[in-house]
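This one's a predicted model, so the numbers in the text were calculated from it and none came from an experiment. Indexing begins at 1, ligand by ligand and atom by atom, following the structure's order.
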Amino acid sequence: MTSSRFEGDFTLQEPLPPEAIAAAVEVMRSGRLHRYNTAPGEMSEAARLEREFADWQGARYCLATGSGGQALQIALRAAGVGPAEPVLTNAFTLAPVPGAIHAVGAVPVLVEITDALVIDLDDLAAKAARSGARVLLLSLMRGHLPDMDRLMDLAGRLGLRVIEDCAHTMGATWAGRKSGSFGLAGCFSTQTYKHLNSGEGGLLVTDDAELAARAVILSGSYMMYDRHGAAPPPEAFAAARTEMPNTSARMDNLRAAVLRPQLRRLDANIARWNARHARVVAELRRVNAITLPMTPPAAQPVGSSVQFRLPGIGPEAARRFLERTAARGVTLAWFGVPAPEGFTSTHRNWGHVPAQALPRTDAILATLFDMRLPLSFSEEDCTLIGRIIAEEAAAVAGSGAPA
Ligand SMILES: *Cc1c(COP(=O)(O)O)cnc(C)c1O
């Protein structure tokens with residue numbers, strides 16, 4: 001049976017929970033939307049979110065920012081990255097990652113990925129040596145985790161400090177330890193398509209008091225750092241308060257208010273994402289034409305999106321596959337597109353990044369397909385989506401039909 005069509009909307013998120021809506025209304029009633037506009041003794045919504053996220057993440061310090069990209073920029077600057085400095089990052093990521101490196105005046109040095117869609121540690125070692133970089137901005141793109149023990153060990157030997165881009169790994173773990181807790185700092189996004197939704201927003205976590213203090217000042221604290229929820233003690237700010245620029249990247253109370261109730265549901269939602277992901281993957285596994293990236297046993301990702309490859313597929317067949325799945329209501333992204341479409345740009349489209357040869361990454365991206373799984377989809381929806389992809393992949397590949 002190949003006539004079924006999926007009718008859902010891949011960009012439709014769930015509505016915010018009623019408590020989030022009520023909290024937002026409360027903030028709007030108060031008029032106190034700016035995070036430092038507090039009544040005497042009051043702890044703002046932004047400060048409360050920082051405290052609660054730090055506790056949930058198991059981090060000592062947390063700073064709420066205006067976006068995930070701002071969290072990345074602040075982390076880089078707070079780690080001492082300056083103009084013209086090389087910063088390593090994996091070549092498979094989204095545009096805000098090289099964008100954050102560019103925004104602090106630094107230069108991305110792109111590292112190849114493996115077919116597990118994670119950073120290639122051999123290429124990392126080679127490029128760290130060649131570039132003299134001191135910082136790795138590790139993008140845990142689409143939730144795929146490299147061997148974090150090996151990576152941190154290698155980074156230690158190479159003298160690299162690691163900043164984790166956890167836009168897709170909020171709640172993911174490696175050997176039971178939360179993503180974002182391995183490096184010097186972890187950066188999260190609360191943009192609509194991530195694991196918490198405030199439209200725009202970001203969270204930076206660290207256990208390093210000096211870095212946290214610099215980050216708070218960079219975010220634009222107007223010296224009101226005593227009104228934070230998970231900031232270091234005042235003495236940690238002695239140098240940072242006059243050395244760091246104010247780059248105006250604060251989160252406001254309205255967004256923090258809608259995030260706090262969502263944080264309380266996050267663990268339950270992670271289980272819901274993983275159940276949906278498992279439904280899709282179970283269907284994709286039935287078809288030989290489809291290759292799924294390997295997930296190491298120690299990794300416990302959050303299945304909020306699905307990636308798969310059709311090895312050997314050429315550009316024309318890839319286009320046909322996209323058309324056929326789209327005709328049945330399944331909107332896929334293809335990382336092999338020559339020009340950027342939506343979020344699927346690649347390093348060849350980032351004109352601000354010095355051109356770099358990444359043959360292995362290019363070969364992987366040429367056959368890589370991607371889709372997000374919003375929680376507005378039911379598990380049955382996900383089985384149907386998986387079935388449609390499997391049938392069309394088999395048809396385009398001309399190989400065996402799904403079992
Ligand atoms: C979304 C995203 C970011 C940046 O988050 P914004 O909140 O949109 O600035 C960074 N890295 C990756 C991989 C992302 O997907």
Side-chain angles (χ1 to χ4, degrees), residues 10-11 13 46 49 53 62-77 87-104 106 108 110-111 113 117-119 135-146 162-172 179-180 183 185-205 215 218-219 247-252 255-256 258-259 262 273 293 301-307 333 335 340-347 349-350 352-353 361 365 368 370-374:
F10 278 82
T11 63
Q13 305 302 320
L49 173 69
F53 191 76
C62 175
L63 169 70
T65 61
S67 71
Q70 286 177 335
L72 292 174
Q73 289 176 37
I74 287 173
L76 289 167
R77 235 189 261 260
V87 172
L88 295 154
T89 194
N90 32 308
F92 175 45
T93 185
L94 290 188
V97 175
I101 296 171
H102 182 80
V104 302
L110 303 175
V111 181
I113 57 164
L117 307 182
V118 301
I119 195 163
V135 171
L136 164 64
L137 178 49
L138 175 68
S139 184
L140 300 161
M141 178 65 175
R142 287 296 185 251
H144 300 281
L145 294 167
V162 179
I163 294 169
E164 295 172 76
D165 166 25
C166 303
H168 304 159
T169 56
M170 184 187 280
S179 182
C187 299
F188 300 84
S189 168
T190 63
Q191 188 229 78
T192 294
Y193 304 103
K194 315 296 164 95
H195 299 170
L196 298 175
N197 177 8
S198 59
E200 303 284 357
L203 293 157
L204 184 161
V205 297
L218 282 163
S219 76
T247 66
S248 272
R250 296 167 298 274
M251 183 182 282
D252 57 87
R255 287 189 256 178
V258 303
L259 288 170
Q262 292 179 63
W273 264 306
V302 180
S304 54
S305 68
V306 175
Q307 292 71 44
F335 278 99
E341 280 178 21
F343 57 83
T344 46
S345 66
T346 71
H347 68 93
N349 313 128
W350 304 330
H352 63 89
V353 176
T361 300
L365 298 186
L368 181 66
D370 175 81
M371 73 179 162
R372 298 194 200 96
L373 288 179

With atoms numbered from 1 as shown, which atoms in ligand 1 lie under 4.0 angstrom from a non-hydrogen atom of [X]?
| X | result |
| --- | --- |
| Lys194 | 1 (C), 2 (C), 3 (C), 5 (O), 14 (C), 15 (O) |
| His168 | 13 (C), 14 (C), 15 (O) |
| Gly201 | 7 (O) |
| Ser189 | 5 (O), 6 (P), 7 (O) |
| Pro96 | 3 (C), 4 (C), 10 (C) |
| Leu94 | 14 (C), 15 (O) |

#### Entry: Check: Ser305/Gln307 side-chain N/O donor and acceptor closer than 3.5 Å
yes
### Message
What I want to check is whether the side chains of Ser219 and Thr65 have a donor and an acceptor closer together than 3.5 Å.
### Response
no
### Task
Can you label the angle between the His195 ring and the Trp273 ring as parallel, tilted or perpendicular, going by 30° and 60°?
tilted
[X] N/O to ligand 1 N/O under 3.5 Å:
| X | answer |
| --- | --- |
| Met141 | no |
| Gln70 | no |
| Thr190 | no |
| Thr93 | no |

### Query
Yes or no on side-chain contact (heavy atoms from CB on, under 4.5 Å) for Leu76 and Ile101, after CA distance, side-chain angles and deciding distance?
CA-CA 7 Å; Leu76 289 167; Ile101 296 171; 4.0 Å; yes
### Message
Leu138 vs Ile163, test: side-chain contact (heavy atoms from CB on, under 4.5 Å). Steps then yes/no.
### Response
CA-CA 6 Å; Leu138 175 68; Ile163 294 169; over 6 Å; no
Minimal non-hydrogen separation, [X] against [Y], with atom names:
| X | Y | answer |
| --- | --- | --- |
| Leu63 | Ala215 | CD2-O, 3.4 Å |
| Met251 | Ala46 | O-CB, 4.3 Å |
| Leu145 | Ala172 | CD1-CB, 4.4 Å |

Closest protein heavy atom (residue, atom, distance) for [atom]:
| atom | value |
| --- | --- |
| atom 8 (O) of ligand 1 | Gln191 NE2, 2.8 Å |
| atom 9 (O) of ligand 1 | Gly69 N, 2.7 Å |
| atom 13 (C) of ligand 1 | Asp165 OD2, 3.3 Å |

### Query
Does Ala71 have a heavy atom less than 4.0 Å from any atom of ligand 1?
no
#### Entry: Backbone N/O of Thr190 and side chain of Arg255: donor-acceptor pair under 3.5 Å
no
